[in-house]
Every structure is written in structure tokens, then in C-alpha cells.
Amino acid sequence: RDALDPAHGDSAGDGDSAGDGESTGDEGSSEVRVVGSSAELEGCDALVTFAYEEAFLSAGLSWIHSVQAGVDRFPFDELEERDVRLTNSTGIHGDAVGETVLGYMTSFARRLHRYRDRGRDGEWKHPEWDEPFTLSGESLCVVGLGTLGRGIAARADACAMDVVGVRRTPTPVDHVGEVYTPEEIERAVADARFVAVATPLTEETRGLIGADELAAMPDDAYLLNVSRGGVVDEAALLAELERDRLAGAALDVFETEPLPEDSPFWELDDVIVTPHAAATTRDYYRRIADIVRENRRRAVAGEPFVNRVV
Ligand code: NDP
């Protein structure tokens, strides 16, 4: 706690920071401990974690950093009551998720996923003449125009796609031709060949893409979800896909993860399932360490945190 709050005495000594175990240099060294369970948190000031456990609340921590950008599993009110700061990892996933979504769209347009599937049976088969298309000139609606959404929009624009988007504040965003509010979402998706979902999961966004929004999409449209499973009504999506009312979907996130083995999503030809890996890159951990180091520096200097959620 001393390292995190200058009001608690000499800040440059024995506090914790996270990262790769090296000294942070300019503000003194930090002991970094790798813990296997919340029982081992005694004496820790700060925690960098993927999971959330209730025991974190009573562990005497003053700062928790979420390895993920999504913090929907953390209890904001209870953290605030206990004076525990929460930061997240937003701001670092735009490139990786942008490339993943571009990959989904390219695969659907150029039919790569189908060739790969058929190749497993040694089947050399041309697609129907009207199946393949090019991304150039096709339309994309990006729902959520933060780090992820902007990473997606920039790449789609570079492929000469027509990009529109949805965000709460309908002010202009680079690479996005028109920005709609959440109330206008059905209009925003009405002409889209692809709809990419990239909002956080909140009370407002749970079920944001439901039966009405899916019905508003054209028959030849693809839904791409890289946000959280709960943002899309999975049952409604499955119903639309099973009766060919939509062309397909690429899904990185689900209500239940890992996706159960008996999920019908595995079986559909024009559904690409990725295992919550849209943002994964070998540099992920380095980028998170950069955020944590910066916030440790700010804690010592008494400056406001970056990426603060609570
Ligand atoms: P940001 O906070 O940078 O952006 C969130 C965007 O969502 C903003 O544009 C915001 O609008 C918009 N938004 C919020 N509420 C609504 C709403 N009700 N209707 C429409 N738009 C809304 O977050 P990130 O881009 O970093 O991440 C977004 C989410 O993606 C994360 O919370 C996480 O759950 C998920 N994620 C998934 C990953 C994966 O591996 N699949 C990796 C990283 C993140 P405004 O601009 O007006 O504020």
C-alpha cells in the first residue's frame, strides 16, 4: 500500500508492482510476486489478474489491474466501498482485434474457411459462382467505436469498404463515414454486409444485438462478435443462422466459455468460432506490463491513473 499511495509514507521501497520482475528503475525497486491463489495475497498492495475472485475484496489490496479490457465480472460498487482502485487493459487491443476481424471478413468473402474445411477431406471443389466476393465496396457497421472498433474501422477503410458505426457519443471518428447512436442501431445495420460488435458488456449493452437488430440486417449479412457473449442474443442469432436468414457469423466470445462441445455453433459451415483469442498476440503481456508500470509510476508520483474504471 505504501508504494501506491504517497500519503502512506516512503513510496519508493517495498510495495508491489506487476510486470516482468524487473526493477522499475526511477522510483525504486518493487517486489513482484507470482501467486497461485488469493490465499497468497497477504502483504500485496496491488494485483494484476485475469480472473476475479471474491476473496480479492478482503485481501487488503488498494489496486487491482485487469489483464483484460472487459471488466464486467468485477463488482464496481463493492470495490469502491472498499477503496480499491480498478484499472483495465483497454487501449492495447486495436491492432490485434482489428486484424482478426479483417481476417474473418476476408475468410467469408474469399471463402477461405470453406476451402480449409473441404481440404480436410481432400476435396478439390470450386465454390458456386456467386459465393465469393471482394471486401472492396462492401459495407461494415462497427458497433462500439473505442479501441477495438477503431482498429477494425481503420483496416476496413484501408480495404476500401464503406464503414459506418455506432457509439453513445455520435461525434465523428476517423475511417467511419457515418456515426449513429444506440437508438439508431437498426438503421445503422440495415445496409451492412458485416456487423462487428465491439462494445463492453454493461447493463445497457446486454442483449444489444437481439432479434430486432438481427432482423434489421440484410439476408446476406455476417455478424462478427469480438466483445462479450452477453452483448448478442445467442439463441436469436442461432435461430437466424439455422434458417439461413443470415449468411454467417464469426464469434470469439460466448455466454458460456469455453463453448460447450455440443453447441450447434460448431457445426454450422459459415460460422467461424475462435476461442476468445481475437486479441491474443505474443506481445500482449509486454503491453499490459507497460500499463501497470505507468500506473505504478503515477501512484508514486500522486498522479491520476490511466485506464481507471473504479
Ligand atoms: P473502449 O472503452 O475503448 O470502447 C468502447 C466503445 O463502446 C465506445 O466507443 C463506446 O461509446 C461504445 N459503447 C459503450 N456503450 C455503448 C452502447 N450502449 N451502445 C453503443 N456503443 C456503446 O473499449 P475497447 O474497445 O477497448 O473494448 C471493448 C470491449 O471489447 C471490452 O470491454 C471487452 O469486453 C471486449 N474485448 C474483447 C477482446 C477479445 O479478445 N475478444 C479483447 C479486448 C476487449 P463512446 O465512444 O460513445 O464512449
Side-chain angles (χ1 to χ4, degrees), residues 50-52 65-74 76 86-104 141-156 163-176 178-189 192 195-210 212-213 216 223-233 249-259 272-285 287-288 291 305-310:
F50 189 87
Y52 169 74
H65 179 80
S66 163
V67 165
Q68 292 184 299
V71 281
D72 41 273
R73 64 205 180 287
F74 286 89
F76 294 177
L86 175 68
T87 52
N88 72 1
S89 300
T90 191
I92 61 173
H93 305 108
D95 291 353
V97 175
E99 289 182 20
T100 301
V101 171
L102 182 62
Y104 294 148
C141 175
V142 186
V143 183
L145 287 167
T147 303
L148 262 51
R150 288 166 200 235
I152 297 166
R155 283 157 183 81
V163 185
V164 301
V166 181
R167 67 189 293 214
R168 291 168 301 187
T169 13
T171 47
V173 172
D174 283 351
H175 307 289
V176 180
E178 193 160 357
V179 177
Y180 295 85
T181 62
E183 293 70 41
E184 300 170 312
I185 194 164
E186 287 178 34
R187 205 143 62 79
V189 302
V195 174
V197 186
T199 64
L201 177 61
T202 63
E203 278 173 24
E204 290 77 46
T205 63
R206 182 169 286 285
L208 182 70
I209 307 296
D212 291 346
E213 293 71 24
L223 184 83
L224 320 170
N225 188 12
V226 287
S227 62
R228 284 291 180 268
V231 178
V232 173
D233 180 339
L251 306 170
D252 190 52
V253 285
F254 297 88
E255 284 275 16
T256 304
E257 294 181 10
L259 183 64
I272 297 175
V273 170
T274 50
H276 201 143
T280 306
T281 143
R282 62 184 175 188
D283 287 330
Y284 197 101
Y285 302 98
R287 290 178 175 190
I288 284 161
I291 299 174
F305 274 13
V306 293
N307 286 15
R308 185 160 177 183
V309 181
V310 172

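Side chains are part of it too, since the values below use all heavy atoms of this structure and drop only hydrogens, waters and symmetry mates. For ligands, and for the atoms within them, numbers begin at 1 and follow the listed sequence. Source: prediction; values computed, not measured.
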Of the choices [options], which has the non-hydrogen atom that lies closest to [atom]?
atom	options	value
atom 44 (C) of ligand 1	Ser66, Gly146, Gly144, Ala69	Ala69
atom 28 (C) of ligand 1	Pro275, Gly229, Gly230, Ala198	Ala198
atom 16 (C) of ligand 1	Arg168, His276, Glu183	Arg168
atom 41 (N) of ligand 1	Asn88, Thr181, Asp252	Asp252
atom 37 (C) of ligand 1	Val97, Thr100, Val226	Val226

Q) Any side-chain heavy-atom pair from Tyr284 and His93 closer than 4.5 angstrom? A)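 Tyr284 vs His93: side chains touch.
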Q: Examine the proximity of ligand 1 to Arg167 and report which part, side chain or backbone, both or neither, has a heavy atom under 4.0 Å away.
A: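 Arg167 to ligand 1: contacts from backbone and side chain alike.
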For ligand 1, which is the ligand I care about here, please tell me if [X] has any N or O atom under 3.5 Å from one of the ligand's N or O atoms.
X	answer
Pro182	no
Thr205	no
Asp72	no
Thr147	yes

Tell me: protein heavy atom nearest [atom], and distance?
atom	result
atom 43 (C) of ligand 1	His93 ND1, 3.5 Å
atom 7 (O) of ligand 1	Pro200 CD, 3.4 Å
atom 24 (P) of ligand 1	Thr90 OG1, 3.6 Å
atom 25 (O) of ligand 1	Leu148 N, 2.9 Å
atom 45 (P) of ligand 1	Thr169 OG1, 3.5 Å
atom 22 (C) of ligand 1	Thr199 CG2, 3.7 Å
atom 35 (C) of ligand 1	Ser227 O, 3.5 Å

Q | side chain to side chain contact (heavy atoms under 4.5 Å, CB included) between Arg73 and Ser66, worked out | A | CA-CA 10 Å; Arg73 64 205 180 287; Ser66 163; 3.4 Å; yes
Over all heavy atoms of both residues, which pair between [X] and [Y] is shortest? Give the atoms and the distance, please.
X	Y	result
Arg308	Thr87	CA-CG2, 3.8 Å
Ala192	Val195	CB-CG2, 3.8 Å
Ile185	Leu208	CD1-CG, 4.0 Å

Counting distance only, does the side-chain N/O of [X] pair as donor-acceptor with the main-chain N or O of [Y] below 3.5 Å?
X	Y	result
Thr202	Thr205	yes
Arg287	Ile92	yes
Thr169	Thr171	no
Asn307	Thr90	yes

N/O donor-acceptor pairs under 3.5 Å from side chains in residues 94-102, not counting sequence neighbours:
| from | atom 1 | to | atom 2 | distance (Å) |
| --- | --- | --- | --- | --- |
| Asp95 | OD1 | Arg155 | NH2 | 3.2 |
| Thr100 | OG1 | Ala96 | O | 3.0 |
| Thr100 | OG1 | Ala278 | O | 2.8 |

Q | Working for side chain to side chain contact (heavy atoms under 4.5 Å, CB included), residues Thr199 and Val143 | A | CA-CA 7 Å; Thr199 64; Val143 183; 4.0 Å; yes
Q: Report yes or no: does a heavy atom of Leu145 sit under 4.0 Å from some atom of ligand 1?
A: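 It does; at least one heavy atom falls under 4.0 Å.
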Q | Tyr285, OH: over 12 other non-hydrogen atoms inside 6.0 angstrom | A |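 No, not enclosed.
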Q.
If the cut-off is 4.0 Å to any non-hydrogen atom of Ala279, which atoms of ligand 1 fall inside it?
A.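 This gives 40 (O), 42 (C) as the contact atoms.
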